[in-house]
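Remember, it's a predicted structure, so these values are computed and weren't measured experimentally.
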Amino acid sequence: MYVIKQRINNMNNAQVVKDEQYNGLPLYNGKKASKGHYVDILNRLYGILNYQVQKHNKVLVVRFDLHYPAVMNVMQCNSAISQFYDRFTRNLKRNGADPKMLWVWEQCYSHNPHYHCMLTVDGNKHQRPHNLYAKAAEHWSRAIGVACNEVLVGYCNQAGPGYYNLRRNDSDFGEIYNECFERCSYLAKVRSKEGVPKEVHRHGGSRC
C-alpha cells in the first residue's frame, strides 16, 4: 500500500483525494476534477506505470475512449468492457507487447456509459499507437456486436498528446513521466462516476 499524504474524503464508500498531487505527482486539475479523484484508481494507475517503466526501458502509454453507438440501449453491466479487455490484451500478449491496461466506467448525459482507457505496452515493440487504435476498434466492435467502426474509439488527442513514449534513459524522462501521469489521472476523477449502478464495477484492468 502506498503512503498517501493528501487530504482524503469519503464518497460512495471510496476514498477521494482533493489535492493537486498524489505521491508527489501532478493530478489533472481541470474543471471536471473539482470533486477530486478516487484513490483506488490512482493506486492502480500508479502501480501499472511504475511496474512497466521498471520492467521495460521503453514504454508506450496510450489513452483512448470507448463509446457505444448512440442508437444502442445497453444493459448496465461490465460484460462488454470485460470481453474487450480480455481479448484485446490476449492478442497483444501473443505479439509480445506485454500489455497492462486500466479502464474506468463513466456516464454523464448520454443514456449509455462510456469507458476511458489507458494502455501501456513494451515500447521496444510499439513506438506509435496507430496499430493499437485499429486493434482496439476491432475488439470493441466484436465485444458490442457491431461492424468495425473506429469512430467508436476516441483517440484523446484534442487537449494534448494521445500517447507518451517513456524512455527510462532519456534526460527528460521525469518530465515526460509527470506529464503522462497528470494526463492519465483524468481517469480517476470523481465526476461522471458518482451514479455507478451496484452491479457495475467503477474500474478494472491489469493488476501489477
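- For the pair Asp98 and Lys55, the salt-bridge criterion is met [side-chain N within less than 4.0 Å of a carboxylate O].
- Looking at Glu106 and Lys189, a side-chain N of the basic residue comes within less than 4.0 Å of a carboxylate O on the acidic one, giving a salt bridge.
- Relative orientation of the Tyr155 and Tyr133 rings is parallel, given thresholds of 30° and 60° on the angle between their planes.
- For the pair Tyr46 and Leu25, the minimum side-chain heavy-atom distance is below 4.5 Å.
- The side chain to side chain donor-acceptor pair (under 3.5 Å) check on Ser185 picks up nothing, with sequence neighbours excluded.
- Taking the side chain to side chain donor-acceptor pair (under 3.5 Å) definition, one finds that Tyr177 meets it with Asn50, sequence neighbours left out.
- Partners of His116 by ring pair (Phe, Tyr, Trp, His ring centres under 6.0 Å), not counting sequence neighbours, listed by chain and number: His114, Tyr186.
- Applying the side chain to side chain donor-acceptor pair (under 3.5 Å) criterion to Glu138, with sequence neighbours excluded, gives Arg142.
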Worked verdict on Trp140 versus Phe64 for ring-ring contact (aromatic ring centres under 6.0 Å, His included): CA-CA 12 Å; Trp140 180 238; Phe64 60 89; 9.6 Å; no

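- No cation-pi contact links Arg63 to Tyr163, judged by a cut-off of 6.0 Å to the six-membered ring centre and 45° from its axis.
- Panel note: side chain Glu182, backbone Cys180; no donor-acceptor pair is recorded below 3.5 Å.
- A donor-acceptor pair is defined here as one N or O able to donate and one able to accept, closer than 3.5 Å; such a pair exists between the side chain of Thr120 and the backbone of Lys100.
- Sorted by first and then second residue, the side chain to side chain donor-acceptor pair (under 3.5 Å) pairs involving residues 69-87 (not counting sequence neighbours) are Asn73-His111, Gln76-Gln107, Gln83-Arg87, Tyr85-Ser206.
- For the 3.5 Å distance criterion, the side chains of Asn91 and Lys135 qualify, holding a donor opposite an acceptor.
- Checking Asn57 against Asn124 by side-chain atom types alone, a donor-acceptor pair falls below 3.5 Å.
- Qualifying side chain to side chain donor-acceptor pair (under 3.5 Å) partners for Arg44, counting only residues two or more places apart in sequence or in other chains: His203.
- Note on ring orientation: taking the six-membered ring where Trp is involved, the planes of Phe88 and His139 are tilted (angle from 30° to 60°).
- The structure places CG of Leu45 at 5.0 Å from CE of Met118, a figure rounded to the nearest 0.5 Å.
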